[in-house]
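These notes are about the structure you will find just below.
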Number of protein chains: 2
Amino acid sequence: MATGRSHRPATRGRGIPEATVARLPLYLRALTALSERSVPTVSSEELAAAAGVNSAKLRKDFSYLGSYGTRGVGYDVEYLVYQISRELGLTQDWPVVIVGIGNLGAALANYGGFASRGFRVAALLDADAGLAGRLVAGLPVRHIDELESIVADNQVSIGVIATPAGAAQEVTDRLVAAGVTSILNFAPTVLSVPDGVDVRKVDLSIELQILAFHEQRKAGEDDRQEPDGDVPAVMPA
Amino acid sequence: MATGRSHRPATRGRGIPEATVARLPLYLRALTALSERSVPTVSSEELAAAAGVNSAKLRKDFSYLGSYGTRGVGYDVEYLVYQISRELGLTQDWPVVIVGIGNLGAALANYGGFASRGFRVAALLDADAGLAGRLVAGLPVRHIDELESIVADNQVSIGVIATPAGAAQEVTDRLVAAGVTSILNFAPTVLSVPDGVDVRKVDLSIELQILAFHEQRKAGEDDRQEPDGDVPAVMPA
DNA sequence: ATGTCTTTGTGAACGCGTGCACAAAGATGG
DNA sequence: CCATCTTTGTGCACGCGTTCACAAAGACAT
Ligand SMILES: NC(=O)c1ccc[n+]([C@@H]2O[C@H](COP(=O)([O-])OP(=O)(O)OC[C@H]3O[C@@H](n4cnc5c(N)ncnc54)[C@H](O)[C@@H]3O)[C@@H](O)[C@H]2O)c1
Ligand SMILES: NC(=O)c1ccc[n+]([C@@H]2O[C@H](COP(=O)([O-])OP(=O)(O)OC[C@H]3O[C@@H](n4cnc5c(N)ncnc54)[C@H](O)[C@@H]3O)[C@@H](O)[C@H]2O)c1
């Protein structure tokens, strides 16, 4: 596994910073709303406000894509929608499989935001044979044993995992072996994958704990109840 | 709104870096698993592997909490679980309300990971009068008009929004007015809140788009089908 | 054509986060 | 009590991301 750090001039032609990539969908959403209202152009200031970011940041982000603005006027909404869509790869169709059709998996299957951006649910998979054939969001749940053939037949490259944590690594291994190279993981586990496979995780529990941390700090600034004292002396040997 | 940037020595006493805070729940999860297996101590190397991070990073993270390790041995699992829990504010109970009990909201209500870390669902709220009284995960859905009294009576400081995007800002305003100061938002919208209120968002659609970007780049490295040429000339005036 | 006014695109400075590499701490064995 | 060996805690350097601030580009009016 070559680290490949030596060359790579930080920011180059196709080299869009990760932080910028993460914001492009945000801009796209704001632009789509403007497009639906038939707004022809927006300034970086307006668009930044709509997306909830700093305008200088937005301009720098766009500068990585090229010079698509017109000074004194702003950005052409339709053109920018197209450019960002193309950059994100949304001009093509992305078949997705969802594995684990329980509470969360079913909610995801019903989620309209999937189809709206070129993501098509190719199949719903579950290990529970009792679920097989049942319709969820208009699609039949299929047995996990069909995973390999479904991924191959539909050229699925993105998998969503909504199984219990204990099954997530096994499912991941099967997805990767079948040819999936991007995984969105909702199970609270660290997944290990080979190089070349991307994993992103969504973890509700972590988000809540981060909120709790800040919440506690806010409260502590007023109360200042226990500076340090009452820590149970559970010190190790 | 004072920016308050001038002083603030980057990292101080209670000043734990945000990136570290975001990793503490990860460490806590790994440590809890070790605790259940009655493992007494772990080295930074082992724990880092379990949490999927670099061991130096883990040690630096812990150094912000204090010196809880023993050189030559490692960290005492139970003690560390306690320290991290305390730091995250998980030694106390956090009542939470979930607003919008549709597909996603119901899945969240059913999620076991909530209660497991001191988060208690105080109420489920929905605007649909038809849902009122119906049991979801053992709790009755209550009408959104009860929001203010429920938040006040239960001292709720954390709210979860799972309504459609169009309703999210209005719900946010009501939550904030009622006293909620932390919001976890699942609706695909930018929320504006007053200073002192924290918002974290979970956005499935954005995650998928980020995956698609990298997926496209991977494919492009082999194919290199369209270098630039066939871009429709939709250039603005 | 010329001037004014708006807004982009970016150079530069700064701060945060990451990871290396190592000195010091302390456990453990003789 | 000393030597050895493991593992922590952290100084340091580096790179990424953010923000400021401004020159230049260009629209638009006269
Ligand atoms: N429900 C939530 O709001 C929520 C929130 C955050 C995270 N999560 C996580 O998402 C995951 C799913 O949550 P849920 O509430 O839907 O659980 P669930 O128990 O309702 O559903 C899990 C589904 O996965 C299936 N499954 C189990 N093993 C499988 C395997 N090896 N292959 C394929 N399918 C398998 C089960 O048959 C079941 O249908 C869990 O890891 C949970 O921790 C859930
Ligand atoms: N389902 C998913 O997997 C998923 C994934 C990502 C994001 N989201 C987002 O989460 C939100 C909910 O998704 P869903 O699939 O559960 O939708 P849903 O339509 O099933 O549920 C929405 C619920 O909110 C209630 N509601 C509407 N207006 C309200 C108001 N003003 N106050 C209180 N309740 C109100 C509705 O009565 C309904 O019960 C949406 O914004 C969606 O974009 C959903």
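In what follows, every chain begins at residue 1, and chains take the letters A, B, ... in the order their sequences are listed.
Inspection of the B/Gln169 and B/Thr189 side chains reveals no N or O donor paired with an N or O acceptor under 3.5 Å. In this model, a donor atom of one side chain and an acceptor atom of the other lie less than 3.5 Å apart for A/Thr20 and A/Asp61. The closest side-chain donor-acceptor pair between A/Thr32 and A/Arg117 falls under 3.5 angstrom. Between the side chains of A/Ser43 and A/Arg59, no donor-acceptor pair of N or O atoms lies under 3.5 Å.
In this structure, the side chain of A/Lys57 does not engage the main chain of A/Ala48 through any donor-acceptor pair within 3.5 Å. The main-chain N or O of B/Leu204 is never found under 3.5 Å from a side-chain atom of B/Glu207 such that the two would form a donor-acceptor pair. Proximity of a side-chain donor or acceptor of A/Lys201 to a complementary backbone N or O of A/Pro188 within less than 3.5 Å is not detected.
We find that CG of B/Asp76 is positioned 15 Å from C1' of D/dT7, with the value rounded to whole Å. Separating the OH atom of B/Tyr79 from the P atom of D/dT8 is a distance of 16 Å, rounded to the nearest angstrom. Rounded to an integer number of Å, the gap from OH of B/Tyr75 to P of C/dA27 is 15 Å. The separation between A/Glu45 atom CD and C/dG9 atom P is 14 Å, rounded to whole Å. In this entry the distance linking CZ of A/Arg71 with C1' of D/dA25 reads 5 Å, nearest Å.
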Identify all pairs in which a protein N or O lies below 3.5 Å from an N or O of nucleotides 28-30 of chain C, and state each distance.
none

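For D/dT8, one of the phosphate oxygens OP1 or OP2 lies less than 4.0 angstrom from a side-chain nitrogen or oxygen of B/Ser44.
Test A/Tyr79, A/Tyr75, A/Tyr27 against A/Tyr68 for ring pair (Phe, Tyr, Trp, His ring centres under 6.0 Å) and you get one pass: A/Tyr79.
Using a 4.0 Å cut-off on heavy atoms, the residues of residues 47-62 of chain A that approach DNA chain D are A/Asn54, A/Ala56, A/Lys57, A/Arg59, A/Lys60, listed by number.
Each of B/Gly74 and A/Ala19 was assigned the nucleotide of DNA chain D with the nearest heavy atom; the assignment lying further toward the 5' end belongs to B/Gly74.
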